[in-house]
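Here the structure comes first, spelled out in structure tokens, and everything after it is commentary.
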Amino acid sequence: MANRLKYWGWGYEGHGLSTSDRDALLHTLATVYGVTATGTGAVPALDGIALPPGRLDPPASLDSICTQEPYERALHSFGQSQPDSIRLFASDFGHAPDVIAYPRNDADVAALLDWAGEEGAALIPFGGGSSVVGGVTPDVADGFAGVVTMDMSRMNRVLEVDTLSRAARIQGGARGPQLEAALKPHGVTLRHFPQSFQHSTLGGWIATRSGGHFATLYTHIDDLVENVTMVTPAGRMESRRLPGSGAGPSPDRLVIGSEGSLGIITEAWVRVQGRVRFKATAGFRFPDFLQAAGAVRAIAQAGLFPANVRIVDGVELAVNGAGDGSFTLMVVSFESADRPVDTWMDLAEECALSHGGVTDTDWRTDPQAHLTGAAGAWREAFIRMPYNREVLTPLGIISDTFESAITWDRFESFYHDIRQATHDAIRESTGREGAVSCRFSHAYPDGPAPYFAFHCAADPASMLDQWWEIKRAVSDAVLDSGGTITHHHAIGRDHQPWYERQRPPLFGDVLARAKTHLDPQGILNPGVLVRADGHHSSS
């Protein structure tokens, strides 16, 4: 089948790292950081996967939108997290969903919710399956009669475009490329481009409070939502479409970030804008990560709001073949639909140079600066990065990331503490050293969003346990140091215990009561946001 998604990794079958990229990645990890392969695993063949017998039979009225085909069950057994990858390559499919449902409209969604409730089955909403925190993995508590995964990909249309108000009504199952292709003839764009853009959906972005690729100002989906429609076991809820309102707590804010635990997001009005006509990108090299961070703070507090302002440390550049490890890279981009961006770039360049940066490529003389030099190499590395894990996991190499946000006054100590905690956790769990890197994914006038990555060799027989030891240690360190457990990767099942610690206990009580009202039987995505065992307070 053309463009069939992999059940074992990122993207479509036939897409992945080239042999040369794979060899370069493994060579750098081994020779520079001492991270060598400990396993020789291969992709589990579909006909060799032991899927458990299905426990549910859809009624005749829903049979046309449901499937129990083995590929579909395997595909929907995991998201894209590190523990998902470890379990997948260990052929651990004992938790596979029993039925995959493809609703076509709100009525189908409501009927599926009714059926799951009658059966006592858990229901897992599935957008593009790109969750890196266990948000779509059908691990549910005992007591459910089975698991239904609701794949929203057939509800994928742009229904209406209001060019006067610059907004569009879009179904929740529309993936990034689909909605942008439909908006293009109208001369507008949603301008929300997370790294998972190709394989994630509008409903998923709203449900997980997605942060887009743009690093400042309107980067979060929160800022782009005008109204939301959600279908719940208790009924349908549609907020009023308005540019803004001060009428009490916002219903949209309840839905945004709910991660499929309160209802199914079926459509939303979202704010769009004119398509880009002017753009420029510049790269700068710094001898020190904290020095580069100072330049980012200067840019963020100058009110320039570039489309992109990121710094990437030497370890991250070296691991991904974008540098030799001797410098930190800053990439700054501006874009506009209606005016040249040179003045803004001049000011950002002044901030970078005054903090000790040197020019990587000259944006004034090279219109392809974003494709050349270290900035161009990093761009290519960033595009291929999601494919790394499907190469490294079967070789016994843990390759994972975690991100946070912290105010500028606490950033320097946070940076040092988290890097050290990660190194210590790797050493304590595996008995080996690892590679730990940091970059900024987003920046605000009051603080950055540090994004950490780590690579280490694990024991293939206990790889999942070792990952959890590291994950617990670094997550504890993030909260103990004052950061958030996640900036844009959502909560899922992996972050849920730390989310309980971060949120106020009374808010946890309110959230659990909201879930009980909207989802009385607790069938929606059990274990996400609110613990499936009914204990919800962090007190």
Side-chain angles (χ1 to χ4, degrees), residues 158 161-170 172 174-177 179-180 182-184 186-197 200-228 239 241-246 250 252-253 255-257 265 268-281 296-297 299-310 331-341 343-345 347-348 382 403 405 440-449 451 484 486-490:
V158 172
V161 178
D162 175 0
T163 55
L164 185 64
S165 307
R166 295 211 306 185
R169 183 165 68 99
I170 304 174
R175 298 192 180 197
L179 67 85
E180 284 295 337
L183 292 174
K184 187 174 182 179
H186 299 275
V188 295
T189 173
L190 179 58
R191 195 184 178 269
H192 190 74
F193 300 105
Q195 191 176 25
S196 61
F197 171 76
S200 55
T201 64
L202 174 64
W205 299 342
I206 296 170
T208 60
R209 294 189 69 185
S210 168
H213 174 71
F214 295 103
T216 67
L217 202 58
Y218 302 123
T219 179
H220 290 276
I221 198 67
D222 309 42
D223 301 312
L224 305 178
V225 171
E226 202 173 60
N227 98 316
V228 182
S239 62
R241 182 192 166 208
L242 295 166
S245 174
S250 166
D252 293 339
R253 295 289 171 170
V255 175
I256 298 171
I265 296 166
W269 275 95
V270 289
R271 300 176 178 96
V272 297
Q273 54 192 284
R275 300 185 69 82
V276 170
R277 294 174 54 216
F278 304 95
K279 62 174 64 177
T281 295
V296 172
R297 180 172 62 84
I299 292 171
Q301 293 180 346
L304 299 175
F305 299 117
N308 189 12
V309 55
R310 302 177 190 271
V331 179
V332 186
S333 301
F334 288 90
E335 59 180 45
S336 173
D338 51 13
R339 60 177 59 86
V341 298
T343 299
W344 297 333
M345 184 63 87
L347 294 170
F382 187 79
E403 29 72 64
F440 283 0
S441 64
H442 299 76
Y444 307 94
D446 50 344
Y451 190 113
T484 175
T486 181
H487 173 266
H488 59 271
H489 278 172

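Values below: every heavy atom of this structure, side chains too, minus hydrogens, waters and symmetry copies.
Ring-plane geometry between Tyr451 and His488 is classed as parallel, the angle between the planes falling under 30 degrees on a 0 to 90 degree scale with a further cut at 60. Relative orientation of the His442 and His487 rings is tilted, given thresholds of 30° and 60° on the angle between their planes.
Looking at every heavy atom in both residues, Gly203 comes nearest to Ile265 through O-CD1, 3.8 Å. Pairing each heavy atom of His192 with each of Ile221, the nearest pair is CE1-N, 3.7 Å. The two residues Asn308 and His213 have their closest heavy-atom pair at ND2-NE2, 4.0 Å. Nearest heavy-atom pair across Ala348 and Leu304 is N-CD1, 3.7 Å. Shown here for Pro194 and Gly211, the closest heavy-atom pair between the two residues is CB-O, 3.8 Å. Nearest heavy atoms, Val272 versus Ala167: CG2-N, 3.5 Å.
Put simply, the side chain of Arg169 does not reach to within 4.5 Å of the side chain of Asp162, judged on heavy atoms. At least one side-chain heavy atom of Leu202 sits less than 4.5 Å from a side-chain heavy atom of Leu190. Thr219 places a side-chain heavy atom less than 4.5 Å from the side chain of Tyr444. At least one side-chain heavy atom of Val309 sits under 4.5 Å from a side-chain heavy atom of Thr216. With contacts defined as side-chain heavy-atom distances shorter than 4.5 Å, the pair Ser165/Arg241 qualifies. Contact of the Ser210 side chain with the Ser200 side chain is not registered, since no non-hydrogen atoms from C-beta on lie closer than 4.5 Å.
The backbone N or O of Ala449 sits nowhere less than 3.5 Å from a side-chain atom of Glu403 that would complete a donor-acceptor pair. Not a single donor-acceptor pair under 3.5 Å links the side chain of Thr189 to the backbone N or O of Arg275. Between the side chain of Arg175 and the backbone N or O of Thr201, no donor-acceptor pair lies under 3.5 Å. Under a 3.5 Å cut-off, the side chain of Arg209 and the backbone N or O of His220 do not form any donor-acceptor pair. For the pair Arg310 (side chain) and Ser441 (backbone), a donor-acceptor distance under 3.5 Å is present.
Ionic pairing of Asp223 and Arg271 is not present here: no N-O contact between side-chain nitrogen and carboxylate oxygen is shorter than 4.0 angstrom. Salt-bridge formation is not detected for the pair Arg166/Glu226: no Lys NZ or Arg NE/NH1/NH2 atom is positioned less than 4.0 Å from an Asp or Glu carboxylate oxygen.
Rounded to the nearest 0.5 angstrom, Phe197 CZ and Trp205 CH2 are separated by 5.5 Å. Between the CZ atom of Phe334 and the CG atom of Leu347 there is a distance of 7.5 Å, given to the nearest 0.5 Å. Here Lys279 contributes atom NZ and Met345 contributes atom CE; the two are 11.5 Å apart, rounded to the nearest 0.5 Å. Ile299 contributes atom CD1, which lies 12.5 Å from atom CZ of Phe305 (distance to the nearest 0.5 angstrom). Expressed to the nearest 0.5 Å, how far CG of Asn227 lies from OG of Ser245 amounts to 12.5 Å. In this structure, the separation between OG on Ser196 and NE2 on His489 is 8.5 Å, given to the nearest 0.5 Å.
Under the side-chain contact (heavy atoms from CB on, under 4.5 Å) criterion, Thr484 pairs with Ser404, Ala405, Gln502, not counting sequence neighbours.
For the pair Arg191 and Tyr218, the cation-pi test (distance below 6.0 Å, angle within 45°) is failed.
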